[in-house]
Amino acid sequence: MAGVEDDLVGGQGGRRLDDEDVDEGQVERDFQEEFADFDAFGARAKNVDVDLLRRALLNEKGAPELLHYEALLVKHLKEAVDRQQEVVDELQTNVSNMMRSMMYQMELDRVNYLIVEYLRTRLRKIERHAFFIIKHEEMRDRLSEAELRFAQRFADLQASHLRKLALSKMPEVHQKLDDQNNQVNMSTLIFPEPDLDSFVICQVLDDIGDIELEENNIVSMNAGELVAIRYWPIRDFVRQGSVALV
Amino acid sequence: MTSILPYGAKGRELLLELKRSEWLPAYNGKRQDDGVRQVLGEIDALYKRMRSRMAESRDMREPFYGCPLMVYHASTLRNKRCLLAYLKYRADLIGNLRWDAGSAIPEDLRRKLCAEEAQYFSAYDNILSDYMREVDLDLAADMEPPKNLYVEVRVLRDCGEIDTVSGPVVLAKDTTHNLRRSDVEHLIRQGALEQVTS
């Protein structure tokens, strides 16, 4: 780390030559400050968030249902990325910093990919279960505001598309998606609901002990184990973070 | 599987068409022999038969009179389900196009869509773009985890001049460039550039 610091100061030295009437001490202090900031968000604070987001992304990819939106995590990481990008852009103006700025840029791109992939995974799941989500208050609460608007508009769009092309051209009694007397629930056939019974593979992070799936079928889950299991019994553990989906 | 009754066969045919085609079967909603129209016609015919049977006002608890009604009803629902599944599947693939190809439908694919489906595409494009604007991220970029900052690409068709972080670059056919991945990712996905793997 000391090497990097020397380098930073050295780079500043180069700039100072062009601009002679700058207070040298002040420039030095400014840079120390900048560097402190850089370190705080570049090395420590961010890495924890990045790991958490990576975990959230894998859970989201593995779970059949939509999970809670990690609002704070995304917000913090996006702020950190923006801040870091400014630092990198600054570095990039100086040729002698090229190598370092490229490495930082690479790391930034990776974090950015994580954020984008997380939001994208969620959005595709929202599309798949849009009708289910907007019908259930509990599901709606799991969405960010922007996601909720998206889900609503997407569901409306699909419904009106089907109405335009097919339903409106059918005899009047069949124009609704569902039967009047609810004998046939066409909407759940066409817009599937998440299947909580599907199997997932998960890594047990904390000792959970025995859980009873049904009578005479008990699974013990101990930390470090990799388990293939139906989703619904471990649903709450995923939320608590004692189990991670892979 | 052959069914004794002809009902529902056309709906099944529609879905098989989806399975057979590489992307989507053509559907313009105007042709007479169009599958969707035929299924809708069958639904109508079944409905009319059902009405006329009902008008006879027999005792429907008699199996002789009740059975046809059950068959008509079940066939109608089956047709309805096939038709909706067909259109929904098409709509979903049309939506996916927005992710792969950007905000415009490639011309060769557009020919397979009817007017309403093209409208669906632009409406979906709107909704998705609004969402991206709200979160201030381009979700259609970065489809793959980044491995390198720069990629070596070969130009497969002329792209004219593009702006990159290090200034404008002219992408003429059959030239190779070493460029920032984020600058050219969309062109690679559209097939205008080919990534040279070393």
Side-chain angles (χ1 to χ4, degrees), chain A residues 74 78 81-82 89 92 101-124 126-128 144-147 149-154 156-158 160-167 169-175 177 179 183-184 186-187 189-191, chain B residues 27 29 36-37 39-41 43-44 46-48 50-51 73-74 76-77 79-81 83-88 90-92 94-96 99 114 116-117 119-120 123-124 126-128 130-150 165-166 180-182:
Chain A
V74 173
K78 265 176 79 178
V81 165
D82 288 346
D89 287 346
Q92 222 156 24
S101 85
M102 271 171 66
M103 289 172 77
Y104 285 138
Q105 186 67 52
M106 192 61 224
E107 184 60 21
L108 265 183
D109 281 4
R110 291 201 169 120
V111 176
N112 213 42
Y113 167 77
L114 265 189
I115 299 175
V116 166
E117 182 67 9
Y118 175 68
L119 294 178
R120 184 164 52 216
T121 304
R122 286 181 61 83
L123 213 61
R124 300 318 306 255
I126 291 171
E127 285 181 5
R128 204 149 54 237
S144 72
E145 275 178 43
E147 283 173 341
R149 263 190 294 277
F150 178 86
Q152 187 71 56
R153 288 176 66 188
F154 182 77
D156 288 348
L157 174 64
Q158 288 227 316
S160 79
H161 183 65
L162 294 184
R163 200 177 313 123
K164 237 189 291 178
L165 281 180
L167 293 170
K169 296 175 184 166
M170 291 183 190
E172 219 183 316
V173 283
H174 293 299
Q175 289 199 355
L177 211 46
D179 231 323
Q183 276 178 322
V184 183
M186 194 71 79
S187 54
L189 291 175
I190 303 296
F191 305 106
Chain B
Y27 163 53
V36 172
R37 188 185 288 244
V39 176
L40 280 169
I43 291 177
D44 251 346
L46 285 168
Y47 183 67
K48 285 201 184 93
M50 197 150 156
R51 290 299 292 258
H73 187 62
T76 306
L77 289 179
N79 273 332
K80 185 174 171 186
R81 185 176 172 189
L83 194 55
L84 292 175
Y86 176 78
L87 293 169
K88 163 87 158 66
R90 290 181 65 95
D92 286 346
I94 293 166
N96 286 349
W99 294 86
C114 68
E116 286 85 355
E117 286 175 325
Q119 277 168 24
Y120 174 89
Y124 179 73
N126 261 335
I127 296 175
L128 191 61
D130 282 353
Y131 174 81
M132 291 186 193
R133 209 168 304 122
E134 270 184 86
V135 295
D136 194 22
L137 284 170
D138 180 7
L139 298 192
D142 285 320
M143 289 302 241
E144 303 285 331
K147 288 206 175 61
N148 273 308
L149 212 46
Y150 288 82
V165 260
S166 39
R180 270 292 285 278
R181 188 182 35 76
S182 51

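Proteins come first, then strands; the chains are lettered A, B, ... in the order of their sequence lines, and each starts at number 1. Values below: every heavy atom of this structure, side chains too, minus hydrogens, waters and symmetry copies.
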Is there a side-chain contact between [X] and [Y], using heavy atoms and a 4.5 Å cut-off?
X        : Y        : result
B/Lys88  : A/Phe191 : yes
A/Ile115 : B/Val135 : no
B/Glu117 : A/Leu165 : yes
B/Trp99  : A/Arg124 : yes
B/Lys80  : A/Leu167 : yes

What's the shortest heavy-atom distance between [X] and [Y], and which atoms?
X        : Y        : value
A/Ala166 : B/Leu84  : CB-CD2, 4.3 Å
A/Ala146 : B/Glu134 : CB-OE1, 3.6 Å
A/Gln158 : B/Ala91  : NE2-CB, 4.1 Å
B/Asp44  : A/Pro171 : OD1-CG, 3.5 Å

Residue [X] versus chain A: region with a heavy atom under 4.5 Å:
X        : value
B/Arg180 : side chain
B/Tyr124 : both
B/Leu137 : side chain
B/Leu83  : side chain
B/Glu116 : both

- request: Among the options A/Glu127, A/Lys164, A/Glu117, pick out the one with the most heavy-atom pairs lying under 4.5 Å from chain B.
  value: A/Glu127
query: With only heavy atoms counted, which part of A/Arg149 is less than 4.5 Å from chain B, the side chain, the backbone, both or neither?
result: side chain
task: Assess whether side-chain contact (heavy atoms from CB on, under 4.5 Å) is satisfied between B/Leu77 and A/Met186, documenting all intermediate values.
output: CA-CA 9 Å; B/Leu77 289 179; A/Met186 194 71 79; 4.3 Å; yes
Working to the nearest 0.5 Å, report the span between [atom1] of [X] and [atom2] of [Y].
X        : Y        : atom1 : atom2 : result
B/Met132 : A/Arg120 : CE    : CZ    : 8.5 Å
B/Thr76  : A/His174 : OG1   : NE2   : 4.5 Å
A/Leu157 : B/Ile127 : CG    : CD1   : 4.5 Å

task: Specify whether B/Tyr120 and A/His161 have parallel, tilted or perpendicular ring planes, treating 30° as the upper limit for parallel and 60° as the lower limit for perpendicular.
output: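 Tilted, since the angle between the ring planes falls between 30° and 60°.
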message: Check this for me, if you would: do A/Lys78 and B/Asp136 make a salt bridge, where the nitrogen-to-carboxylate-oxygen distance has to be below 4.0 angstrom?
response: no
- request: Inspect the contact between B/Asp130 and A/Arg153 and indicate whether a charged nitrogen and a carboxylate oxygen are less than 4.0 angstrom apart.
  value: yes
- line: Counting heavy-atom pairs under 4.5 angstrom with chain A, the leader among B/Val39, B/Val36, B/Leu128, B/Asp138 is B/Leu128
